[in-house]
Every structure is written in C-alpha cells, then in structure tokens.
Peer 1: 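Submitted below is the structure of interest, expressed as structure tokens.
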Amino acid sequence: MPINAIVLAAGEGTRMKSSHPKVAHKLLDRPLVWWTVRAAREAGADNIVVVVGNGADEVRAIFADEPDVTCVEQAERLGTGHAVMCVRDALGAFEGPTVVLYGDTPLMRAETIVALIDETRANHNACTVLTMLPPDPTGYGRIRRDAAGEVEAIVEHKDCTPEEQARLTECNSGIYCFCGRRLTENIDKIETNNAQGEYYLTDMVEIFKRMGEPVAATCADDYSELLGINSRSQLATATKIMQLRINEGLMAEGVTMLDPNQVWVGPEVAVGRDTELLPQTMLWGKTTIGEDCVIGPNTRLTNVCVADGCSVEETVGYDTRIETGVTVGPRAYLRPGTHLLAGAHVGTHVEIKNSTIGENSKVPHLSYIGDTTMGSGVNVGAGSITCNYDGKHKSPTTIGNDVFIGSDTMMVAPVTIGDGALVGASSCITKDVPADALALERSQQRVIEGWAAVRRKRMQEEE
Ligand code: UD1
Ligand code: MG
C-alpha cells in the first residue's frame, strides 16, 4: 500500500511579521515546508500533499519541479480537520498509511515518521498520535489518558479546564499517522463545537475511540525535533539546531571545522573527507566539495562542484565546476558557467563568468574574464580584461594554449589569440592574433633626458 503524507501549510504565521507565507521562510537555504516534505519523502511517502492557503502561489512555486508533491488549496482556514477535508475533496479517499505533518516543523526526522508508520501498521491503528513533553505546554493540545494509560482524547489548551491545563503536561505534537481509509471515511464526523469554532483534526481520536477503533499515542524522545516555528526568534533557534546537526554529521564523516558555529552547509551539499571548512563559509544548493580541500574563510558557494585538493579562499561562486588541484582567491567571484580545469589558478579580485580556464592556466590578479575559452598553460597578466559586451551583444574570446597575456590587456571580443602567442602589456587587442605571434598595441615611449630633474629644481625655487 502506498504511504501518503499530508503537510499542513495553509497558516498565516502572523508572528513572523512578514509579507511572505510563514512556511516559505528559509532555514539554512531551504524553505521551512521543504524540510517537512523531505522528511516525508525520506520516510518513504509515495504521495505528498501540501495544503496551501496563505501565499499559496509562493508555496506552490517551491515544489514546481517536484512531481511527487501535489498542492491542494484550502481557501478558508477553518481548522486542521478542515485542511484534511479539503485534501479528501480534491483527491478522493486515501488508502494506506497517511501521515499528517506540519510545514513549520523543519527539524522532524524521517526516522521518527517511519516509527510512527510502523506502529500504526503493526497494531492496525486507526490513528497513532506523536506526543511530546515540552518545557512549557501552554497553547498546545493536551493528551487525556484513561486509568489504564490509554489515550482517550486530545483537548485543546483553550478547551481544557484550568485544572487540566496544569495537570496534563503531555502535549499533541500535531503529527499523526492515520489509516488512510478510516480517516477519509470518518473525517466528516468532525464538528465545530469548541472554543475556537474550528474543525479540529484532534477530534479524530475521540471519534475513533467511540467507534471502538484502536488509537495510540506515543511520546517522542526528543522534543526539540518537534519545535514549531512561529517567530523569527524560533526560526533562528531551529536554524542553529539544524546547522549543528548537519555539521556534526560532516565532522563524523571526516570533515574538519575550525568552528562548527561559523559554517553553514545546506541539506543537499556533500563534503569529502580531510577537507577543512574555515569560518564564515556557506555551502548552498547542490554544492559538492571533494577530499583534501580548504574552503573559506568568508566563502559562499552555491551549486559549485569542487574536485579534490582545491583551495577556495574568500570567494563567492555560483553554478561553477572546479577540477582537481585548483586554487581560487582570496576574493574571487565565480559566476555561472565557470569551469576551472585541473591545476588552474584564479587569484585576487578576479571575476570569471561563463568561461573555461584551461589546465594550469593562471589569472592571478584583478581581471575580468567573460565568455572565454582558454587553453592550457596560459598566463593572464594583472588587470587584463575581456571586453565581451558592446552594450547590446555578448561576444566570445578564444585564447589558445601557452599564451602569455601581458598586464593591462584589453581583449575586445569577438577575438581569438592563437597558441603560443604573446600580447605586450597594456595592449588593446581588437584583431585576431596568430599562433606564436607578438601583438603589441601601444604608442612609442618618449624619453626626455633630464626633464624630471629640471622640473624638481623649478619647484624648489618656487617655494
Ligand atoms: C495544533 C493542534 C494542537 C497541537 C499543536 C501543535 C489542532 C486543533 N490542534 O494546534 O493539538 O498541540 O497544533 O503545534 O489541530 N493549518 C492549516 N489550515 C488550517 C489550520 C491550520 O493548514 O485551517 C496548519 C497551520 O499552517 C499549521 C498547522 O496546521 O502548520 C497547525 O495549525 P495551528 O493553527 O498552528 O494549530 P495549533 O492551534 O497550534
Ligand atoms: Mg501552532
């Protein structure tokens, strides 16, 4: 039987004080709801339904490229039970275990969901509720158990007597595994006769109890996993927990960190062993770092693939491939489409865009290289620039193997410099340079003997 996951994400999140829906706020580099969906997927969910409402389009866009995720709109927020009714109305009845999760609890682990599904299946439960013992239970739904310790009902904080509010400390996490068939057959039995006039999904516990269906409640070991995000402060707390969870995982696999509190690694990043991540490094997107690299300090790489034995220092990079033994920085900017081949060096205050830098080629200082294909063994002198843009069109530059570009060279594209050619410093190259040629574009130097001494003397006399 397929496993279904329903992720409730229609809420507003007033306390975020934001123009964006709460679940679109990012934890590390991914939206909150993305983390819940990932946990559901890792727990084996075949169909994932996200209930959207507030800022629906922004939430839908998060999953635009994920075919296993369906978004269902809950136009009016009439409660958690109503959200599930909307899913049933849109997609029909469910078969198989159906987990309900929240889009604002990003720390939830897949293993916890798997355990909940296993328990539901093993005992043929109509519903298994995941409960928790938070340090402060205020605001949470409370678990009411009978003399035998069996769960009887979930009573919302506002519907509890003051005595119950004080005595019932076990709380509803809001995460459940239902039998999909029994959930969809009976969801309409939920009513709105409660303090908030809402359809409470929590009422399913009592409804099943009355029907004599087996219901269970298990308490999570780790409350912090169930932390819901309602404010920017809680977002920062959860980010710190996730940052350290990921960094501990990397260190356990052989990655060195000078300070794990100052390294941020996204959930889809891989880092090889014996690589060192220095402070203020952020690795986002689908970045991969090989073995024996040094990354940072002050480096942000997004979708950058770095092979073994590289050093990337004080650099910002996007959508770039870096092959073995390359050194980058300090203070380089690698823009989309950059490919640095083995042994290349990109140095200080250098920007590369949509270009290949050949094997063992060097662009060491103060250069812009764009839309360029460069061969191997090239040296680009300080301050050299490919002029690839005429205000309307982008044009390519081709540089052969073993070319020497003197400092302060402008290469006005489209232009080709042949293998083994040499360009004299400060040239503005507008025509192709044949292989092995010398290209020089600058006016003759004038030398006037004694002129500086005469001037110095005149200035002294004027004082
Ligand atoms: C809910 C539970 C409570 C539990 C708590 C844990 C109910 C009635 N109560 O309370 O027992 O202790 O979560 O955090 O379920 N949502 C929708 N559509 C709606 C209403 C809510 O999608 O119409 C979503 C929200 O975006 C949120 C989640 O469901 O992600 C929970 O809603 P919220 O209003 O926070 O419920 P609580 O009152 O906190
Ligand atoms: Mg809540």
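Order of appearance sets the numbers: ligands from 1, and atoms from 1 within every ligand. Numbering starts at 1 and runs along the sequence shown.
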Peer 1: Could you give the distance from OG (Ser173) to CG (Leu133), rounded to the nearest 0.5 Å?
Peer 2: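 Ser173 OG to Leu133 CG: 11.5 Å, rounded to 0.5 Å.
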Peer 1: Just jot down the ligand 1 atoms closer than 4.0 angstrom to any heavy atom of Thr202, in number order.
Peer 2: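 Those atoms are 7 (C), 8 (C), 9 (N), 11 (O), 15 (O).
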Peer 1: Considering both backbone and side-chain atoms of Gly79, is one of its nitrogen or oxygen atoms within less than 3.5 Å of a nitrogen or oxygen in ligand 1?
Peer 2: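 Yes, Gly79 has an N/O under 3.5 Å of an N/O on ligand 1.
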Peer 1: Could you measure the distance from the CG atom of Leu201 to the CE atom of Met85? Nearest 0.5 Å is fine.
Peer 2: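 So the gap between those two atoms works out to 9.0 Å.
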Peer 1: Do any N/O atoms on Gln74 end up under 3.5 angstrom from N/O atoms on ligand 1?
Peer 2: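 Yes, Gln74 has an N/O under 3.5 Å of an N/O on ligand 1.
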Peer 1: Compare Ile190, Leu8, Val7 and give the one whose heavy atom is closest to atom 30 (O) of ligand 1.
Peer 2: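 Shortest heavy-atom distance from atom 30 (O) of ligand 1: Leu8.
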Peer 1: Quick one: does Leu116's side chain get under 4.5 Å of Thr218's, heavy atoms only?
Peer 2: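 Counting from C-beta outward, Leu116 and Thr218 do come under 4.5 Å.
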Peer 1: Enter the distance from Asp222:CG to Thr112:OG1 here, rounded to the nearest 0.5 Å.
Peer 2: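 Result: 8.0 Å between the selected atoms.
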Peer 1: Residue-level breakdown please: for Leu78 versus ligand 1, do any non-hydrogen atoms fall below 4.0 Å on the side chain, on the backbone, on both, or on neither?
Peer 2: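 Contact part for Leu78 vs ligand 1: backbone (N, CA, C, O).
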Peer 1: So do the side chains of Arg77 and His82 get within less than 4.5 Å of each other, counting heavy atoms only?
Peer 2: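 The answer is no; the side chains never approach within 4.5 Å.
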Peer 1: So, is Tyr102 polar-close to ligand 1, with some N/O to N/O distance under 3.5 Å?
Peer 2: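 Min N/O separation from ligand 1 is below 3.5 Å for Tyr102.
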Peer 1: Hey, does Pro214 have a side-chain heavy atom less than 4.5 Å from the side chain of Asn125?
Peer 2: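 A side-chain contact under 4.5 Å exists here.
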Peer 1: So, does Ala9 sit close enough to ligand 1 that a heavy atom of it is under 4.0 Å from the ligand?
Peer 2: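 Flag set, Ala9 near ligand 1.
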Peer 1: Charged N to carboxylate O under 4.0 angstrom, Glu213 versus Arg182?
Peer 2: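 Counted as a salt bridge, because a side-chain N and a carboxylate O are separated by less than 4.0 Å.
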Peer 1: Show me which atoms of ligand 1 lie under 4.0 Å from any heavy atom of Arg77.
Peer 2: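 Result: 18 (N), 19 (C), 23 (O).
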Peer 1: If you measure from each heavy atom of Ser173 to ligand 1, is any distance below 4.0 Å?
Peer 2: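 In this structure, Ser173 qualifies as a contact of ligand 1 - some heavy atom is under 4.0 Å.
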Peer 1: Below the 3.5 angstrom mark, is there an N/O of Gly141, backbone or side chain, next to an N/O of ligand 1?
Peer 2: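 Yes.
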Peer 1: Should Gly103 be counted as touching ligand 1, given the test is an N or O pair under 3.5 Å?
Peer 2: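 N/O-N/O distance below 3.5 Å does not exist for this pair.
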Peer 1: Taking distance alone, with no angle check, do Ala10 and ligand 1 share an N/O pair under 3.5 Å?
Peer 2: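 Right, the criterion is met.
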Peer 1: Is there side-chain contact between Leu101 and Leu8, with heavy atoms separated by less than 4.5 Å?
Peer 2: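 The answer is no; the side chains never approach within 4.5 Å.
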Peer 1: Does the N or O separation between Glu156 and ligand 1 drop below 3.5 Å for any pair?
Peer 2: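 Looking only at distances, the answer is yes, because the N/O contact criterion of under 3.5 Å is met.
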Peer 1: Does Gln196 reach ligand 1 with a nitrogen or oxygen that is under 3.5 Å from one of the ligand's nitrogen or oxygen atoms?
Peer 2: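 No, Gln196 has no N/O under 3.5 Å of an N/O on ligand 1.
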Peer 1: With rounding to the nearest 0.5 Å, note down the distance linking CD in Glu42 to CD1 in Ile113.
Peer 2: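 Between atom CD of Glu42 and atom CD1 of Ile113 there are 9.0 Å.
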